[in-house]
Amino acid sequence: MVQQNGNSEHPPDPDYFQTNPKPHNLDRQITLARSFIEQHARANRRVALVTSGGTTVPLENQTVRFIDNFSAGTRGATSAEYFLEAGYAVIFLHRQFSLLPYSRHYSHSTNCFLDFMTYNDVGAVVVESEYQQEMAQVLSRYRKAKEENTLLLLPFTTVNEYLWLLRGLAMQMRPLSANGLFYLAAAVSDFFVPAERMVEHKIQSSEDFQEDLTNRNGAKAPAAHMEGKRLVIDLDPVPKFLKLLVDGWAPQSMIVSFKLETDPSLLAKKARYALEKYSHHLVIGNMLNTRKWEVLFVSADGGERWIRVPAARRSKSITNGNLDDVHLQGPAIEIESWIVPEVAKEHTMMIEKTKSKH
Ligand code: PMT
């Protein structure tokens with residue numbers, strides 16, 4: 001196997017990057033990231049790479065069908081805003097068309113920006129007076145990030161694009177050493193169709209047009225094919241990139257991963273297991289149904305603690321319609337406004353520890 005990271009202390013990348021194609025716009029994205037990182041490294045500013053949204057798994061090369069997941073990118077987009085507020089520069093590696101920092105306040109289907117607009121006396125379009133103050137605050141934070149060039153938006157769609165980008169960005173972040181932070185909130189596919197088993201054209205559902213799979217001259221069996229009227233999909237595992245990130249791509253940065261579960265009895269166990277297996281800094285566990293108001297911090301020092309937003313401070317839109325008997329006591333709290341300062345605090349401790357070693 002070819003050693004790709006050029007450092008014999010690090011384990012080589014798996015065959016993945018030799019057998020799955022480099023995305024056509026990767027070089028352009030990495031160039032943008034390089035100059036962004038250089039600017040902030042010169043200013044000795046911390047840089048957080050926030051990943052956000054779900055990755056897709058295409059079933060065909062000329063993709064008509066793909067497998068996707070539930071993630072809307074709320075965790076990532078919201079966290080990115082709080083990292084910016086905490087003084088970080090943020091590379092926002094996100095699923096194309098998922099929620100973005102700042103515009104997320106007005107882009108959701110239940111939060112359409114048009115619902116905040118009206119006409120004034122002379123027919124010009126303006127923001128409704130009751131929303132003016134909040135929108136002015138969001139706008140001013142958004143403009144500050146733009147003026148100071150502290151937010152870089154990089155999109156992906158497929159799991160392949162995500163993996164190439166993550167690896168490429170990690171390499172660029174190396175000069176930041178401990179000032180770099182990886183905050184892995186994206187929902188990344190565990191299974192995929194490798195390039196060598198992907199069919200070129202749309203899979204035909206009609207039996208009259210199905211591909212004849214005999215005589216493929218040694219070519220590997222396609223991962224998705226029709227058997228009569230049934231579509232059969234046989235996926236490969238996606239390599240566990242967290243291991244590669246910790247051991248090879250970004251050994252000096254702080255790495256925070258998220259662990260998603262649906263069975264409450266597994267969450268703490270699996271978060272701890274991930275931390276022990278990958279030996280990174282922090283796992284933040286969350287349950288699919290309660291992720292917007294409670295998370296479990298599992299740290300490398302053995303600590304485990306829940307962060308919970310009390311029912312009376314959750315936003316109306318996240319209480320699943322059970323708000324009738326819950327009255328907000330004060331403004332709603334986004335849990336990321338508590339998560340990010342805690343992560344930043346642990347990052348400070350890690351930086352200080354690193355400095356004291358030198
Ligand atoms: O976007 P939202 O709707 O707000 O939802 C937020 C979220 C629930 C997606 C987010 O908070 C979250 O939990 N993200 C991680 C989801 C996930 O991939 O969990 P997992 O348990 O399947 O994987 C655990 C970790 O393994 C992940 O942090 C990932 O970095 C890593 N992993 C995953 C796949 C893979 N092939 N290799 C990996 O190393």
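Indexing begins at 1, ligand by ligand and atom by atom, following the structure's order. Small disclaimer: the values here were computed from a predicted structure and weren't measured.
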Does a donor on one side chain sit under 3.5 Å from an acceptor on the other, for Asn286 and Arg75? yes

Is it the side chain (CB and beyond), the backbone, both or neither of Ser98 that lies under 4.0 Å from ligand 1, heavy atoms counted? neither

Which of the numbered atoms in ligand 1 are under 4.0 angstrom from any heavy atom belonging to Ser257? 28 (O)

Could you go step by step and tell me if Asp190 and Val238 meet the side-chain contact (heavy atoms from CB on, under 4.5 Å) rule? CA-CA 5 Å; Asp190 289 312; Val238 173; 5.7 Å; no

Show the atoms of ligand 1 that are less than 4.0 angstrom away from any heavy atom in Ser189. 34 (C), 36 (N)

Nearest non-hydrogen protein atom to atom 10 (C) of ligand 1, with distance, is Ala185 O, 3.4 Å

Under 4.0 Å from one or more heavy atoms of Phe70, ligand 1 contributes atoms 5 (O), 8 (C), 9 (C)

Does either side chain, that of Tyr278 or that of Asp247, offer a donor lying less than 3.5 Å from an acceptor on the other one? no

If you scan protein heavy atoms around atom 18 (O) of ligand 1, the nearest is Val188 N, 3.5 Å

Distance from atom 24 (C) of ligand 1 to nearest protein heavy atom, with residue and atom: Phe258 O, 3.2 Å

Verify the ring-centre separation between His347 and Tyr88: is it less than 6.0 angstrom? yes

Transitively linked via ILVMFWY side-chain contacts under 4.5 Å: Tyr273 with Leu267? no

For residues Thr348 and Arg46, is any side-chain donor paired with an opposing acceptor at under 3.5 Å? yes

Any link between Leu245 and Val188 through a network of hydrophobic side chains (Ile, Leu, Val, Met, Phe, Trp, Tyr) touching at under 4.5 Å? yes

If you scan protein heavy atoms around atom 30 (O) of ligand 1, the nearest is Phe241 CZ, 3.2 Å

Numbered atoms and elements of ligand 1 in range of Leu260, under 4.0 angstrom, heavy atoms: 8 (C), 13 (O), 16 (C), 19 (O), 21 (O)

Are the side chains of Tyr183 and Ser79 in contact, using a 4.5 Å heavy-atom criterion? yes

Numbering as shown, the atoms of ligand 1 that approach Lys259 to under 4.0 Å (heavy-atom distance): 20 (P), 21 (O), 23 (O), 24 (C)

Atoms of ligand 1 close to Leu242 [distance to a heavy atom under 4.0 angstrom, numbered from 1]: 39 (O)

Using modelled atom types and a 3.5 Å cut-off, is there a donor and acceptor pairing between side-chain atoms of His94 and backbone atoms of Thr51? no

So which protein heavy atom does atom 6 (C) of ligand 1 come closest to, and at what separation? Arg75 CB, 3.7 Å

Under 4.0 Å from a heavy atom of Pro239: give me the atoms of ligand 1 that qualify, with their elements. 36 (N), 37 (N)

Within 45° cone of Phe241 ring axis and under 6.0 Å: Arg167 NZ or CZ: no

For atom 1 (O) of ligand 1, the protein heavy atom that lies nearest, with its residue and separation: Ser71 OG, 2.6 Å

Could you find the nearest protein heavy atom to atom 34 (C) of ligand 1 and give me its residue, atom name and distance? Asp190 OD1, 3.3 Å

Which heavy atom of the protein is the closest neighbour of atom 11 (O) of ligand 1, given with residue, atom name and distance? Asn286 OD1, 2.6 Å

Quick check on side chain to side chain donor-acceptor pair (under 3.5 Å): which of Asn69, Thr158, Asp68 does Arg95 satisfy it with? Asp68

Please determine which of Ile333, Val309, Ile307 meets the side-chain contact (heavy atoms from CB on, under 4.5 Å) test together with Trp293. Val309

Check contact between Gly53 and ligand 1, using heavy atoms of the residue and a distance below 4.0 angstrom. no

Any heavy atom of Ala186 closer to ligand 1 than 4.0 angstrom? yes

I want to know if ligand 1 touches Arg291 in the polar sense, i.e. an N/O pair below 3.5 angstrom. yes

What atoms in ligand 1 come closer than 4.0 Å to a heavy atom of Val238? 36 (N)

